[in-house]
Structures are given as C-alpha cells and as structure tokens.
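Chain A is the first sequence line, chain B the second, and so forth, proteins listed ahead of strands; every chain is numbered from 1. What you see below is based on every heavy atom in this structure, not just the backbone, and it leaves out hydrogens, waters and symmetry mates.
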Amino acid sequence: MIHHLLTPSLLQSLSLIHIFKGLIMTVARFAPSPTGYLHIGGLRTALFSWLWAKKMGGKFLLRIEDTDMARNSQEALVAIIEAFEWVGMDYDGEVIYQSQRFDIYNQYIVRLLEESKAYKCYMSKEELDALRESQMKAGERPRYDGKYRDFDGTPPLGVEPVIRIKAPQEGRIIFRDGVKGEIDIAADEVDDFVIARADGSPTYNFVVAIDDALMGVTDVIRGDDHLYNTPKQIVVYNALGFALPNFYHVAMINNEQGKKLSKRDGATDVMEYQKLGYLPEALLNFLVRLGWSYGDQEIFSVEELQTIFEPKSLSKSSSNYNLDKLLWLNAHYIKNKTNAELAQLLHPFGIDIREHDERELLLDATKERGKTLVELAEQIMMILKAPESYDEKAVKKGFKADSKETLLDFITMLEGWDKALHLPCDYHNVLEHFVATKEIGFGKIGQPLRIALLGSMTGSSLDEIMAIIGTKETADRVKRAIALL
RNA sequence: GACCCUUUCAUCUAGUGGCCAAGGAUGCUGCGUUUUCAUCGCAGUCACAGAGGUUCAAAUCCUCUAAGGGUCGCCA
C-alpha cells in the first residue's frame, strides 16, 4: 500500500538527501590576500567556488586575508569587487577582514595555551637559522625541532617569544582531497609551526583554519600551492575541535611556455581583459575550461555552469594559458551578441553608434571580423572614416593604370542612378549593372573600389560599405583616392 | 637537499581494464561558400613520458626511472 502513496515527487521532497541538504548547506569562499588587483588565476579559483556554491544552492563568502598590515586591503577589495562586477559574480553577506578579527584569534591562542596545546617558544631567529642550515646539510627537511615544546625552565632574556602549536610527532596526517585524492604525509613533516608572532599577531595557517570553521565553510577550493598548508591547518582544526571541510586543490595555470604565469606574460589582472576588448562571458568560459571539463563540451553559459559544475571533474595537472582559444571564444561571443548590445559595449572603445542610423548594417557587416571589441572598433572606424592612407601592397596589387578611369565611370553611373539607393542590394545592382555594361571582370572595379573606400584590400563587402556611407561619401572617397594615388 | 603533487596531439581536454589501431575543441594545412577578407561548412595534420610487471586483455592497475611543478618563513 505504501508503495502506491510514495510517488516519485513525494519521495524527492521527503528524501533523506533533501533533508540533509537543508541541514548542511554548502558554503564556499574566496579568500584572496590583498595584492591590489584580481589575478586571472584567482578569478578562476573564485569562479570554481562560486559556481559550486550556486550549483549546491549554498553560499559564497568573501574574506580578505590581510593579517599583514603593510598592505592596503581596502584598495584591494575595491579591485576585487570591480572585477567580480565585471564578470557578473557576487558574494553573500559582508566581506570579512582578518585584520578586524584579531581579538577572536587571540581568544583561541589563549585557549590553546591554557590547554597546553600551544606553547611559547624563545628560540631566536639566529638560532633558528642555524638549525635549518644544519638540517639542510644533513639532508633533512628543515623544521623546528621542538626545543621549547615541553620547556619549563627560565626563559632566556631578551627574546620575545612566539607561540607555536603542538603538532603530532608521530603517525600520519591523511586527508581526502576532492581533486588529488588521498594525501598522506608523515606527521613529523609538520613541525610545531608559529601561530602567533613575537608581536602577538596571528599567522596565516592559524587564522585560515579558524575563519573557515567560524564562517561555516564546508568546501575549500583553492590553488594547489596550498596543498602543503592543509596538514598544518588540520592540526589547528583538530586542536580546536573543529570539523574538517572538504578540500579541493586546483592545479595552477602556467603561461603558454608551461612556466609559472607572471606579469611578463601579459595580462594577469582581470580588468586588463576588459580594456583589451574581451567579453566577460568569454573570459569565464575560457577559464572554466582550463582545468575543468564536461565531456566534449566547449561552450558554456554561466547559467548552465551554475547547474552542472562539479569540482570532482577538476583536473589534477596544471594547464597552460592558451590565447588562441580565448580569442576564439571571444569571437564566438561577439558574433552572438545582438547589435544593440554590441553598440553599448563598443562605447568605451571610442565608438558611439548607439544612435547611428545604420547601426544594424554596420554591425552586421563587421561583427564577424573582430576577435575583440578593440578589433571590432577598428573595423567600424575603417568604414565610418575615410582612409587617411592607402595600404601600399594593396595599391600595388589592386590599383592598376586603368583603375582611375574605371572608378570615375562607376561613380558617374552611381550618381546618375535613377532609383533610390538604400540597401546593400541596391548597390549590388549598380555594381552588377556596371560590370555587365562595361563587360569587365568584377576584380577590375572591386579591388580599386575597395582600396578607395577602405584603403585596404580586405574588409566588409562593398555593397554593405556603400549602403552604410551612402552615395555621396562613396563618390567623395573615390575622388579623393583618384587624386592621391 | 627533503617531502608532496603531476605526466594523453603544439595547446585545452575526453577516457575510471575490453566500446580506443585513442574522441572533441583550439591552432595549423588544404578544399568549398564568399566579388576580397572574415564567418561558415568539409577534410587533413598531430598524442597515451620511458622501462618492467599483473591480466586472456592496460592509456586505464602495480613498481621503478625520467621530466615538470609545489612546499620547506615570526608571507599569504
């Protein structure tokens, strides 16, 4: 009987998974350190986290890792928000600044000290350096030797102590990484690391663990340069009795030569892509496919990604930045924009054709010829403005001795045309009629005309160009070319 | 130096023991469409890092080697 009552939809709404999801919401986060701009690699990690949170119906939080007070975190935040806005990403709740949470961290330091899970270490920097050096020489991994771990004597004078946490001295630290699989490290590889500096300020690996736990972060997606920090953070989680989140360590992006991406490789700041004429949807599509895949699919809208993204299909190995593919994607997204959208997007690139009479024609004639908005703007300018110079090679090849006469004959026919000339097909008729009556090949008029109108051998179709600029401007440009060439 | 991670076409990747003499995409080359260029369509080019094992069967599992990367801070 019960079977009949439990319809699939009823089952779904009653299912354990549903209830479970309601209890434990996915909380992802992006936690950049304030560098002043958002790095392209950072955007990708943020994107992965954001998509995952969206897909799970969870939250995506933003936290600024500014325990190092020297850098201006406010300025950095503005840059990050600007980039987020440009690509259409958002975050939930208030931005958290670690610099404003020192009292919280201090409470935990006091607690660990009281529980003797942490201790004061009086080792001087010189002593520490010497220790490391001798360990290196002995072929060991350099690490603090635990000298003050169980110290109860008289502390040396003149040394402000740091606070170190007691890391396990034997056994293994094992955790499951959602990308790399099981990570297994000997516990003694992790030394008693510093959780508070001599001036009392807390350190990175300590505050990250605390904040992630306090913010309820369930899924930590970050670059795999943090892989080795994870066991340290696990030590903190364990000492404080916090539940571990899921970790996903994403492999890095290298440059086209396979080396670490640096400023020398060109655009690393997300906002540079805007200036270079890339569309945010192209950038995101490009980045998401760098280290992540979904079968054979290449083109993804953000909306679709929000329903299909899974960090488990993240790649384990690093990937190379590939400009050709970005360009291809950008061209794809430009082609698929409406002309009204393009006119709007072009405005910051010095082209205002939002109210232009021939806006539709102009963009139809050019949008397949620009891989970036910058290139598209150039294409449009070529049509809108009479050429200031004529490409030498083109003239040599396409502007022959008899070209001037042919052109003159053509504009005579054009100006004497008895029907109205508006559409590309109207001009097409003139051109066809001209070629037919003169009994010449199309190249005889096509090439010189193109050079006269654009100054170049390549570009949009002549019909379209003439329809956009009109009969008078066509004639003017032809006359000018005849005079100059 | 120690520890950890990675390794499929030039590049991004599919691939979880037989469907793989390895698929898609970008790039490149050619052809077609186009009065040019571009777009588009079609075709071609190109890879399992190497060596051993396990198995009837290995890109897929194991071992070693090599190469690349990361980490070893009172930076994050």
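Here the side chain of Asn320(A) is nearest to one of A76(B), C12(B), U26(B), namely C12(B). For Arg141(A), the listed nucleotide lying nearest its side chain is A2(B); candidates were A2(B), A38(B), A76(B). Between C37(B), C74(B), U13(B), one nucleotide has an atom nearer to the side chain of Arg369(A) than all others, and that is C37(B). Looking at the side chain of Asp296(A), the nearest of the listed nucleotides G70(B), G24(B), C5(B) is G24(B). Of the candidate nucleotides U13(B), A76(B), G68(B), U13(B) has the atom nearest to the side chain of Ser293(A). The side chain of Trp328(A) approaches U26(B) more closely than any other nucleotide in the set U13(B), G69(B), U26(B). Between C37(B), C72(B), A76(B), one nucleotide has an atom nearer to the side chain of Pro142(A) than all others, and that is C72(B). Of all nucleotides listed (G1(B), U39(B), A76(B)), G1(B) comes nearest to the side chain of Met136(A). The side chain of Arg289(A) lies closest to G24(B), out of G24(B), G70(B), A14(B). Comparing G27(B), C74(B), U11(B) by their closest approach to the side chain of Asp324(A) singles out G27(B).
Mapped onto RNA chain B by nearest heavy atom, Ile183(A) and Lys335(A) fall at different nucleotides, with Ile183(A) at the one closer to the 5' end. In terms of position on RNA chain B, the residue among Asn229(A) and Asn254(A) whose nearest nucleotide sits closer to the 5' end is Asn254(A).
Heavy atoms of Ser201(A) sit nowhere under 4.0 angstrom from any nucleic acid atom. No contact: Met382(A) has no heavy atom under 4.0 Å from any strand. Within 4.0 Å of Val194(A), counting heavy atoms only, lie sugar-phosphate atoms of the nucleic acid but no base atom. If you check every strand for non-hydrogen atoms under 4.0 Å, Ile299(A) touches nothing. When heavy atoms are screened at a 4.0 angstrom cut-off, Gly441(A) is found touching no nucleic acid atom at all. Within 4.0 Å of Arg132(A), counting heavy atoms only, lie sugar-phosphate atoms of the nucleic acid but no base atom. Backbone-only contact: Gly139(A) has heavy atoms under 4.0 Å from sugar-phosphate atoms and none from a base. Residue Glu189(A) is in sugar-phosphate contact alone, with no base atom involved, counting any heavy-atom pair closer than 4.0 Å across all strands shown. Residue-level contact check: Lys260(A) touches the backbone only, with heavy atoms under 4.0 Å from sugar-phosphate atoms and none from bases. When heavy atoms are screened at a 4.0 angstrom cut-off, Ser317(A) is found touching the sugar-phosphate backbone but no base atom.
A59(B) and G52(B): their P atoms are spaced 14 Å apart (whole Å). A gap of 14 Å separates the P atoms of C9(B) and A22(B), to the nearest Å. Between the C1' atoms of U45(B) and U55(B), the separation comes to 35 Å (whole Å). Straight-line distance between the P atoms of G17(B) and C12(B): roughly 25 Å, to the nearest whole Å. One P atom belongs to G24(B), the other to C42(B), and the distance between them is 12 Å to the nearest Å. Comparing the same atom, C1', in U39(B) and in A57(B) gives a spacing of 47 Å after rounding to whole Å. C28(B) sits 9 Å from A10(B) when the C1' atoms are compared, rounded to a whole Å. U54(B) and G41(B) are spaced 48 Å apart, taking the C1' atom of each and rounding to whole Å.
No more than 12 heavy-atom neighbours from other residues, nucleotides or ligands sit within 6.0 angstrom of NZ on Lys444(A). The environment of CD in Glu133(A) is sparse: at most 12 heavy-atom neighbours from other residues, nucleotides or ligands sit within 6.0 Å.
The partner of C42(B) is G30(B), judged by Watson-Crick or G-U wobble contacts that both fall below 3.5 Å. In this structure, A21(B) makes no Watson-Crick or G-U wobble pair, since no nucleotide meets both defining distances under 3.5 angstrom. Remark: A51(B) base-pairs with U63(B); criterion is Watson-Crick or G-U wobble with both hydrogen-bond distances under 3.5 Å. Across all strands shown, C74(B) has no partner, as no Watson-Crick or G-U wobble contact with both distances under 3.5 Å is found. Remark: C37(B) base-pairs with no nucleotide in the shown strands. Criterion, Watson-Crick or G-U wobble with two distances under 3.5 Å.
Judged by the 6.0 Å and 45° rule, Arg164(A) forms no cation-pi pair with Tyr148(A).
Going from atom CD of Glu368(A) over to atom C1' of U36(B) covers 15 Å, rounded to whole Å. Atom CE in Met457(A) sits roughly 9 Å away from atom P in C37(B) (whole-Å rounding). Rounded to an integer number of Å, the gap from Asp391(A) CG to U36(B) P is 18 Å. Remark: P of G70(B) and CD1 of Ile185(A) are 17 Å apart, rounded to the nearest angstrom. One atom, NE2 of His249(A), and another, C1' of G70(B), lie 11 Å apart when rounded to the nearest Å. C5(B) atom P lies 12 Å from atom CD1 of Ile174(A), rounded to whole Å. In this structure, the CD1 atom of Ile253(A) is 16 Å from the C1' atom of U6(B), given to the nearest Å. Taking atom CG on Asp224(A) and atom C1' on C5(B), their separation rounds to 7 Å, with Å as the unit.
Between the side chains of Tyr119(A) and Asp192(A), at least one donor N or O lies within less than 3.5 Å of an accepting N or O.
The structure places NE2 of His332(A) at 12.5 Å from NZ of Lys325(A), a figure rounded to the nearest 0.5 Å.
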Would Leu77(A) and Leu62(A) count as a side chain to side chain contact (heavy atoms under 4.5 Å, CB included) here? Give the steps. CA-CA 10 Å; Leu77(A) 178 71; Leu62(A) 190 55; 4.2 Å; yes
Quick one: do Leu112(A) and Val236(A) satisfy side chain to side chain contact (heavy atoms under 4.5 Å, CB included)? Show the steps, please. CA-CA 10 Å; Leu112(A) 288 179; Val236(A) 178; 5.7 Å; no
Please step through side chain to side chain contact (heavy atoms under 4.5 Å, CB included) for the pair Phe242(A) and Asp212(A), ending with a clear verdict. CA-CA 10 Å; Phe242(A) 292 138; Asp212(A) 282 337; over 6 Å; no
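Taking only side-chain nitrogens and oxygens, Thr458(A) never comes nearer than 4.0 Å to OP1 or OP2 of A38(B). Between C4(B) and Lys180(A), no contact under 4.0 Å exists linking OP1 or OP2 to a side-chain N or O. For Ser456(A), no side-chain nitrogen or oxygen approaches OP1 or OP2 of C37(B) to under 4.0 Å.
Side-chain contact between Met252(A) and Leu261(A) is absent, with no heavy atoms from C-beta onward closer than 4.5 Å.
Side-chain N/O atoms of Gln135(A) and base N/O atoms of G1(B) include no donor-acceptor pair closer than 3.5 Å.
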